[in-house]
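Presented below is the structure to which this report refers.
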Amino acid sequence: MASLQSLRGMVDLLPEHTPLWQRVESTARGHFRRAAIQEIRTPLLEVTELFARGIGEATDVVGKEMYTFLDRGERSCTLRPEGTASVVRAVIQHGLLSQGPQRLWYGGPMFRYERPQAGRQRQFHQIGLELLGFADARSDVEAIVIAWDLLADLGVGGLALELNSLGSADDRARYREQLVAWLEVHRHQLDADSQARIHANPLRVLDSKHPDTQVLLAGAPALADALSEESQERFAQVQAGLDALEIPFVLNPRLVRGLDYYSHTAFEITSSQLGAQATVCGGGRYDGLVQQLGGPATPAVGWALGMERLVLLLSQGAAVPAQPLDLYVVSRGAAAEALALPAARLCRRAGLAVECDASGAAFGKQFKRADRSGARFAAVIGDAEAAEQVVVLKDLRSDRPEQRLPLAELVGALRAGLEAPPRA
RNA sequence: GCGGGCGUCGCCAAGUGGUUAAGGCAGCGGCUUGUGGCGCCGCUAUUCGGGGGUUCGAAUCCCCUCGCUCGCCCCA
């Protein structure tokens, strides 16, 4: 193919689809505003080390999915594969935590070099929430309820909240030892992927989809049993909080999540309608990350929501209509054409949505386009009108007669006209 | 990185070895040089993702390649 194409896994969002995205974005903004959460925007490009240290060297994301390159200063740079590390970096860099806990959200493109499939692109978009400086189980619940209510408000049905606790760092370390020891004993019965992960990332073995491995795992030491009393109490509080808000959830002891920084609460919101990539929103607590990246010891919870997957679910329902046009300006002849844009501008300044036909085509053509544009009204300007500085206002959606009026009266007439019902 | 499916006009799509590559939608032009929605007429792929091969002859068969897609893996 001779013509240029977008890079694999990097998709264009065409005008017919942007209204739905805009609806999601503005709905999310509303939820964040009402929950006193402020927006933060960070660069798309960061020093590679941030992600290597933050997300974990052993993770798939860091190990094989990052867009990494040397810039002209020979510095290793990486297109962000997720949002949390950048937000934490920014919060540390600007000393935001010295002003107290931070309630933040972010949105935008993320990049992961993976094979594209349904619900998975190389450039994809997330909206994320981070609550930094909050240790209490209630903040876990609040983070979850914000995501839950946002999805409900958007009208996404058929969602399931899956919940697990990974325990404290100590719990995990202790459990990790037990698990590795057990896995070593059963090494020969594991699938190849799981064998490779015994030391690199043993908890991920729990989440293996290999059927034989899953059967075997029934006899493995359980993470839940390794939790300290405090961790168990904490997890119970999260569950009680969700119960109190009547948010249904299912416990999933195999939910471990792929990023190293999680501790205690881990959760995913999934849909059965998404195919293989079922997770719409995933998150959890990451009490160690801020300190690990050089900041003050700071407890935190957060989540990220996949826009493409969400939109996929939404677009199975009713389409969002584009905003209708109020007026379409039709003009022909030099004097008339000179008047068209000023007339359109006048109406736009009054808040009306106006398209101005600049083709100079025959009136018939312009009316055809006016009709197809969906505009309620057409303003017609020919040489006769131009000479008198008037326009003809025609209701395209009713049988009411045309009005001939001076430019100064156009906006008023339009506003009055828009009140009247269109043809059924 | 590994499997499976697919690739004919902007979109949908017929055609499966015989030479002029159906049709529909959209678009453009006309009937209709100041009034749209309907209708009618016309135009829009020397070419079938790209390259190579087989053949007298290929969109149709073979090879390579690119892309899309679904799944594995992983994750949002």
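Each chain gets a letter, A, B and so on, in the order the sequences are listed, and its residues count up from 1.
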Protein-proximity profile, nucleotides 30-37 of chain B, B/S/- by nucleotide at the 4.0 Å heavy-atom cutoff, equals S--SBBBB

How would you summarise protein contacts on nucleotides 8-13 of chain B per nucleotide, using B for base, S for sugar-phosphate only and - for none, with heavy-atom distances below 4.0 Å? ------

Going 5' to 3' through nucleotides 68-76 of chain B and flagging B where a protein heavy-atom sits under 4.0 Å of the base, S where only the sugar-phosphate is that close, and - otherwise, we get SBSBBBBBB

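The nucleotide rG27(B) finds its pairing partner in rC43(B), both defining distances of the Watson-Crick or G-U wobble pair being shorter than 3.5 Å. Figure legend. rG3(B) is base-paired to rC70(B); pairs are counted as Watson-Crick or G-U wobble with both atom distances under 3.5 Å. When both pairing distances are held under 3.5 Å, rU16(B) makes no Watson-Crick or G-U pair with any nucleotide shown. Taking a pair to require two hydrogen-bonding distances under 3.5 Å in either a Watson-Crick or a G-U wobble arrangement, rU35(B) remains unpaired.
Side chains of His17(A) and Gln22(A): a donor-acceptor N/O pair is absent below 3.5 angstrom, by distance only. Counted by atom type alone, Thr84(A) and Glu130(A) present one or more donor-acceptor pairs between their side chains at under 3.5 Å. Side-chain contact of Ser168(A) with Asp171(A): a donor-acceptor pair under 3.5 Å is present, judged by distance alone. In summary, the side chains of Thr265(A) and Ser165(A) do not present any donor paired with an acceptor at a separation below 3.5 Å, with no hydrogens or angles considered. Inspection of the Glu337(A) and Ser331(A) side chains reveals no N or O donor paired with an N or O acceptor under 3.5 Å.
Val391(A) and Glu385(A) get closest at one heavy-atom pair: CA-CG, 4.3 Å. Smallest separation of non-hydrogen atoms from Leu414(A) and Cys347(A): CD1-SG, 3.7 Å.
Taking 4.0 Å as the cut-off between side-chain N and carboxylate O, Arg89(A) and Glu46(A) count as a salt-bridged pair. Between Asp140(A) and Arg234(A) there is a salt bridge, since a side-chain N of the basic residue sits under 4.0 Å from a carboxylate O of the acidic one. Arg404(A) and Glu402(A) are not joined by a salt bridge, as no carboxylate oxygen comes within less than 4.0 angstrom of a charged side-chain nitrogen. Here Glu114(A) does not pair with Arg8(A) in a salt bridge; the nearest charged N to carboxylate O distance is not below 4.0 Å.
Contacts classified as ring pair (Phe, Tyr, Trp, His ring centres under 6.0 Å) and involving residues 123-153 of chain A (residues at least two apart or in different chains) are given here: Trp21(A)-His125(A). Applying the ring pair (Phe, Tyr, Trp, His ring centres under 6.0 Å) definition to pairs two or more places apart or across chains, none involves residues 353-377 of chain A.
For the C1' atom pair drawn from rA59(B) and rG3(B), the interatomic distance equals 28 Å after rounding to whole Å. Spacing between rC28(B) and rC61(B) at atom C1', rounded to whole Å, works out to 39 Å. When the P atom is compared between rC40(B) and rU35(B), the two are found 22 Å apart, to the nearest whole Å. Nucleotides rU55(B) and rU65(B) have their P atoms positioned 23 Å apart, rounded to a whole Å. rU8(B) and rG51(B) have their P atoms separated by 16 Å, given to the nearest Å. Nucleotides rG10(B) and rG50(B) place their P atoms 12 Å apart, quoted to the nearest Å. Comparing the same atom, C1', in rG36(B) and in rA76(B) gives a spacing of 46 Å after rounding to whole Å. Annotation: rG18(B) and rC31(B) have their P atoms spaced 44 Å apart (nearest Å).
Listed by residue number, the members of residues 41-55 of chain A with any heavy atom below 4.0 angstrom from RNA chain B form an empty set.
Between Phe267(A) and Ile144(A), some side-chain heavy-atom pair lies under the 4.5 Å cut-off.
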